[in-house]
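Scroll down for the structure; my scribbles are underneath it.
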Amino acid sequence: MKSPKDGVQSVSRALILLQELARSDDGVRVSDLARTTGLAVSTAHRLLTTLEQHGFAQFEPETTLWHVGREAYAVGSAFGRRRNFVAPALPFLKRLRDVTRETANLGILDGNQLVTISQVESREIMRAISNPGGQVPVFCSGMGKAIVATWTDEDIKALAERAGLPPMTSKSLRSMDEVFDDIRQTRERRYALDDEEHVTGLRCVAAEVWSPQGEAVCAISVSGLAARITDARLDSIGRQIRKAADDLTQQLGGTPPSQSK
């Protein structure tokens, strides 16, 4: 009989395998999973089989590849459903996608990361995609910066010191002076910009959405190739996103602070 410690370890290993499956759109062989997780092939196979029995993993005999199962999606989507702004945001995301022709996103802060919880993909062949559930360091994210720009300078500094400023690209913010200069610009223009700070060649324009409690509870954004989201288009896209965020705030019964504050 397994001890409680063994049981917890098995759960931990199964969840690690599930995370690895989620990182691959094309599927993964058990031998590759074993190598990346440091597990024995037999252990990885046993855990995957258990996950498959419960619908959290799926095996394709023809290709011998493992994929995330339907139950993993069902459980993961509950994270978004319990936030009552996800469904109301969808029409605004679709509208932004249609008018800008770029991918529209909805995100929240979760600890020190910005998490994408809903998305409407661009119809362009070359497009920006950050799969729902994907995490980005706050200060490399347009949506993250849109939210924290509503905070006090003291709280922003505390977050930066706690989370750090990981250099994702050569354009990532690397000092507190750069952070506060970026925040100042965000507050002045009323939209935030990720200018190739997370992924080289991609830009993201974002604005915050307010809750009835007067808190910037989430953000919406448009992301796309920097070659398409040019400097000439930034203000136009920024105004469209600002309006969509304000309209969603109004629909949610949100109460943003007055602009004169």
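Both backbone and side-chain heavy atoms feed into the values below; hydrogens, waters and symmetry mates do not. Owing to the predicted nature of the structure, the values given are computational and were not obtained by experimental measurement.
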Let me see the working for Leu234 and Tyr191 under side-chain contact (heavy atoms from CB on, under 4.5 Å), right down to the final yes or no. CA-CA 10 Å; Leu234 274 182; Tyr191 66 82; 4.1 Å; yes
Could you verify whether a donor N or O on one side chain and an acceptor N or O on the other, from Asp246 and Gln250, lie under 3.5 Å apart? no
Does a side-chain N-to-carboxylate-O contact under 4.0 Å join Lys243 and Asp247? yes
Looking at side-chain heavy atoms only, is the closest gap between Leu65 and Phe59 below 4.5 Å? no
Pairing residues for Ala232 by the side chain to side chain contact (heavy atoms under 4.5 Å, CB included) criterion, not counting sequence neighbours: Thr230
Pair Val205, Arg233 - check side-chain contact (heavy atoms from CB on, under 4.5 Å), show working. CA-CA 11 Å; Val205 187; Arg233 293 185 68 199; over 6 Å; no
Which of Val115, Ile117, Leu90 passes side-chain contact (heavy atoms from CB on, under 4.5 Å) with Leu106? Answer is Ile117
Mind checking whether Leu48 and Ile16 sit in one hydrophobic cluster, side chains of I, L, V, M, F, W, Y counted as touching below 4.5 Å? no
Rounded distance [0.5 Å steps], CD1 in Ile241 versus CG in Asn105: 9.0 Å
Determine whether a donor-acceptor pair (N or O, by modelled atom type, separation under 3.5 Å) exists between the side chain of Ser141 and the backbone of Pro137. no
With a 4.0 Å cut-off on N to O distance, would you call Asp194 and Lys171 a salt bridge? no
Salt-bridge criterion met for Glu208 and Arg242 (N-O under 4.0 Å): yes
Taking the inter-plane angle between the rings of His45 and Trp66 on a 0 to 90° scale, is it parallel (under 30°), tilted (30 to 60°) or perpendicular (over 60°)? perpendicular
Results of side chain to side chain contact (heavy atoms under 4.5 Å, CB included) for Thr152 - residues two or more places apart only: Glu154, Asp155
Tell me, do Leu248 and Pro88 make a side-chain contact under 4.5 Å, heavy atoms counted? yes
Test of understanding: clusters of I, L, V, M, F, W, Y form through side-chain heavy atoms closer than 4.5 Å, transitively. Do Trp151 and Ile183 belong to the same one? yes
Distance col, row Thr249:OG1 vs Trp210:CH2, nearest 0.5 angstrom, shows 8.5 Å
